[in-house]
Amino acid sequence: MTTDSAIQYDSVMKLALERGFYFPSCEVYGDAQAGFWEYGPSGVGLKNKFLQLWRRELVRRDGMLEIDGSQIMSKSVFEASGHLASFADPIVKCTKCGLTYRADKMISETADVEIPESAELEEFDDAIIKNHIKCQKCNGEFGSTKKFNMMFRVGIGPEGEEAYLRPETCQSIFVDFPRLFKTMRGKLPLGIAQVGKSFRNEISPRQSLLRLREFYQAEIEVFCNPQHLDKMNNFDEIQNTILHIQTGSDPDSMTCKEAVESGVVPNYFVAYYMGLLVEFYEKTGIDVEKSRFRKLGEKEKAFYAKVAFDFEVKTSVGWLELVACNYRSSYDLSSHAKKSKEKFEVMDGEEKVLPHVFEISMGIDRSLYTILEHSMIYDKEHERTVLSLKPYLSPIHVGVLSLVKKDGLREETDQIYQKIRRKYDAFLDHSGAIGRRYRRLDEAGAPLAITIDHQTLEDQTVTIRKRDSMEQERIKISEIDSILSEATSFP
RNA sequence: GCAGUCAUAGUAUAGCCUGGUUAGUAUUCGGGGUUUCCAACCCUGCGACGCGGGUUCGAAUCCCGCUGACUGCACCA
C-alpha cells in the first residue's frame with residue numbers, strides 16, 4: 001500500500017463530519033456556543049471501545065475500583081479542593097481598546113514586580129497604579145482587576161443555591177475515598193477510577209475536540225503509603241517498557257527501570273503507572289514513538305501537584321497533551337479532611353497513614369482525535385482513504401454485503417447479518433457497486449467485510465475481505481463466528 | 001478576550017464587486033437499471049444562501065449587530 005503520511009487536522013475533521021464521528025452541538029441554531037461537540041454513532045462506537053480497552057489495561061490489570069460520581073458538586077468541595085480560590089486567573093481589561101491581560105503576567109513583564117496569581121485583587125490594582133502601567137497596545141488605562149473562574153456555577157433548587165459543575169472528575173474519588181476504602185475492603189496502594197464529563201469555562205475553545213468546555217475525562221487516583229513508593233510488586237511486568245521522557249529540551253528513551261535508577265522518575269511507584277499508560281496507548285493504535293512524558297517545571301504545574309509529567313503525542317497540530325500525571329501528595333485528602341472534619345486516614349498494615357495520591361488524568365476526546373489522526377491513511381495506489389483502526393476499537397467490526405441483491409442473495413445476506421449482529425457491530429449494505437461499499441467501510445474503519453455471492457448459495461461459503469491489505473479469502477459460513485471473534489477480540 | 005480572514009446542500013465550491021432567471025457545478029446520499037469482487041456507466045430523486053435586523057419595489061449579493069470557523073496573540077489549574 002503506497003501511502004501519503006501527512007494526514008492533517010482538516011482531513012480528520014472532514015472525515016469526522018462525513019462519517020458521523022463528531023460534529024458541532026446545536027448546529028441548527030445560530031446562537032450555539034463554541035466549545036461543545038457531539039459524538040455521532042461512529043464516535044460513540046469508538047469511544048465505548050476505547051474505554052473498554054482502558055478498563056482492561058488499567059482498571060482491571062491493576063485491580064482498581066471504578067465509580068461514577070455526580071457532575072454537580074457542592075460549593076464546599078471546591079472550597080476544600082482549592083478550585084474556588086485557585087482555578088481562576090486574575091485579569092485586567094484595557095478600558096480603551098478592550099484588550100484583556102492576565103494581571104500577574106502583565107505586571108511582572110512590564111514592571112518586574114512579582115505578585116502571585118492567588119494574591120488579593122487590590123494588590124494587582126495597587127501595582128498597576130504605582131508603576132504607572134498602561135496598555136501595551138494603545139496606552140489606555142486599565143480597569144480594576146477581576147477574577148475569572150473557569151468553573152461553571154449552577155443554582156440548585158428554587159433558591160438557586162450555589163454549586164458547581166465539576167472541573168475535574170477526581171474530586172468525587174477523593175470525597176468518596178473513606179467509604180470506598182472501608183466498604184470495598186481496600187488495601188494500599190488502591191487505584192480508584194472514574195470516567196465522566198468535566199466542565200471548564202475556557203476563554204477561547206478551539207479546534208473541535210482539542211479544547212472543549214464540556215469534555216470527557218478518564219481519571220485514576222492511586223492512593224498509596226508515601227513510605228512505600230519503592231515497593232511495587234508488579235514492577236517487573238513493565239520494567240523493560242520504553243518511556244520517552246523529556247526533562248530538558250529533548251526527550252530521552254529509557255526503560256521504566258532505567259528511568260527510576262537514573263532518578264528521572266522519582267520512584268518505582270510512579271514509573272509503574274507510566275509504564276502501564278504507555279502500554280495502554282500502544283494498544284489504541286497511537287504511535288507511541290511520537291510520544292513523550294514532559295516533566296513540568298514549577299510554574300507550569302497545577303496548584304496541587306508536587307511532581308507532574310504530561311503525556312504528550314505529536315500530531316499535525318503539534319504536541320498534544322493527552323494525559324496529566326500528577327503526584328498530588330496528600331493535598332486533596334488533607335484538605336477534605338480539614339474542611340469536612342471527617343477522617344481520611346486508613347490503616348496500612350500496622351501503620352495509620354493519610355495516603356498520598358498519584359493521578360493519571362486522561363483526556364478522552366483528545367485521545368480519540370489522536371487515534372483518528374494516527375490511524376488515517378491515504379492509500380495513493382488505490383485512491384482510497386483508510387481508517388486503519390485497531391479491529392477491537394472499530395465502530396464497525398464487519399460489513400455484510402450482497403454482491404448483487406437479486407437471485408436470492410439479498411435474503412441469504414440478511415440471514416447471515418441477523419446471525420451475527422447481536423455479537424458483533426455489523427453493517428448491512430446491499431446498494432451500489434461492491435467497490436464503493438468496500439471504500440465506504442474502509443473510511444469508517446471496518447477491518448473486515450463479508451460478501452455473499454452466487455457461489456454462497458451452492459457451497460455455503462463467503463468471501464472475507466481485509467481492510468488494510470484488501471486481500472480476499474473464501475471461508476465457510478460456519479467459520480464466520482470464530483474468525484470474527486478472533487479478529488476483533490481485545491489483545 | 002483582541003486582531004485579521006471567512007460563513008452557500010452531507011462534503012468541496014461558483015455566483016456577491018456591478019442587487020432582479022427556477023441559486024449553478026462536482027462529489028456524496030436515496031430509488032431504479034446494467035455489470036459483477038474494489039469509488040465504472042445510464043435513468044431518476046432528495047438536498048443549501050449561519051441567525052437577527054436595516055436599506056430597497058426587490059437582498060445570497062449592500063449596511064449593522066450576533067453566532068460560529070480558521071490563523072496569529074493572549075489563555076489552557
Side-chain angles (χ1 to χ4, degrees), chain A residues 9-11 13-20 23-36 40 78 81-94 97-102 105-106 109 117-118 135-138 148-151 167-168 198 200-208 210-213 215 296 299-305 308 310 317 320-321 324 326 328 361 363 379 381-385 401-407 409 430-443 449-455 462-465 467 470-474:
Chain A
Y9 173 82
D10 292 350
S11 322
M13 192 67 224
K14 194 178 166 199
L15 181 86
L17 290 170
E18 284 186 328
R19 296 283 168 217
F23 47 87
S25 177
C26 311
E27 60 180 337
V28 299
Y29 285 108
D31 63 349
Q33 307 260 266
F36 301 94
F78 301 112
S81 72
H83 283 85
L84 268 173
S86 303
F87 196 58
D89 295 330
I91 53 170
V92 277
K93 197 167 179 176
C94 170
C97 71
L99 196 60
T100 306
Y101 295 88
R102 189 158 151 180
K105 287 205 168 179
M106 195 262 306
E109 277 164 23
E117 60 170 73
S118 53
C135 176
Q136 287 154 25
K137 193 174 153 226
C138 72
F148 176 72
N149 195 299
M150 303 232 303
M151 282 196 293
E168 52 178 8
S198 289
R200 294 178 193 179
N201 200 357
E202 295 283 353
I203 296 171
S204 52
R206 281 277 165 92
Q207 290 174 313
S208 58
L210 305 188
R211 181 141 16 123
L212 294 159
R213 288 187 165 128
F215 59 101
L296 301 188
K299 291 201 167 169
E300 265 187 304
K301 285 189 306 194
F303 62 85
Y304 46 67
D310 277 355
V317 292
L320 203 56
E321 179 196 335
N326 295 306
R328 297 175 75 127
S361 171
D379 178 357
E381 189 187 342
H382 302 100
E383 291 181 14
R384 60 178 191 144
T385 299
L401 318 175
S402 50
L403 188 60
V404 292
K405 52 191 152 188
K406 55 185 182 185
D407 306 331
L409 292 189
H430 293 298
S431 69
I434 189 75
R436 177 183 294 276
R437 283 178 276 164
Y438 285 148
R439 300 301 161 102
R440 256 197 303 248
L441 289 167
D442 289 342
E443 257 188 50
I450 287 171
T451 303
I452 286 80
D453 58 16
H454 290 97
Q455 195 184 330
V462 296
T463 307
I464 189 159
R465 179 238 189 214
R467 173 193 64 201
M470 298 171 77
E471 284 168 5
Q472 301 193 353
E473 203 185 324
R474 199 95 207 159

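Residue numbers begin at 1 in each chain, while the letters A, B, ... track the order of the sequences. Below, all heavy atoms of this structure are taken into account, side chains as well, without hydrogens, waters or symmetry copies.
- In this model, a side-chain donor or acceptor of A/Gln472 finds a partner on the base of B/C37 within 3.5 Å.
- Base pairing annotation: B/C6 forms a Watson-Crick or G-U wobble pair with B/G68, both donor-acceptor distances under 3.5 Å.
- Listed nucleotides B/C73, B/G30, B/C37 differ in distance to A/Ser431; the shortest reach to its side chain belongs to B/G30.
- Checked against side chain to side chain contact (heavy atoms under 4.5 Å, CB included), A/Asp407 has the following partners two or more places apart in sequence or in another chain: A/His454.
- Not a single donor-acceptor contact under 3.5 angstrom links the side-chain atoms of A/Asp442 to the base of B/C38.
- B/C73 is paired with B/G1 under the Watson-Crick or G-U wobble criterion, all donor-acceptor distances under 3.5 Å.
- Pair assignment for B/G58 gives none, since no Watson-Crick or G-U wobble pairing has each distance under 3.5 Å.
- At distances below 3.5 Å, at least one donor-acceptor pair connects side-chain atoms of A/Asn149 with backbone N or O atoms of A/Met151.
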N/O-N/O pairs, protein side and nucleotides 61-63 of chain B side, under 3.5 Å:
none

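- Checked by distance alone, A/Tyr438 brings a side-chain donor or acceptor within 3.5 Å of a matching partner on the base of B/C37.
- The base of B/C37 has none of its N or O atoms less than 3.5 Å from a complementary donor or acceptor on the side chain of A/Arg437.
- What separates CZ of A/Arg439 from P of B/C29 is a distance of 13 Å, to the nearest Å.
- The pair A/Asp379-A/Arg439 does not meet the salt-bridge criterion, since no charged nitrogen lies less than 4.0 angstrom from a carboxylate oxygen.
- Checked by distance alone, A/Arg19 brings no side-chain donor or acceptor within 3.5 Å of a matching partner on the base of B/G10.
- Within the 4.0 angstrom heavy-atom criterion, only backbone atoms of the sugar-phosphate kind lie near A/Gln33; the bases stay farther away.
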Table of protein N/O atoms under 3.5 Å from nucleotides 40-48 of chain B N/O atoms:
residue, atom, partner, partner atom, Å
B/A40, OP1, A/Arg436, NH2, 2.9

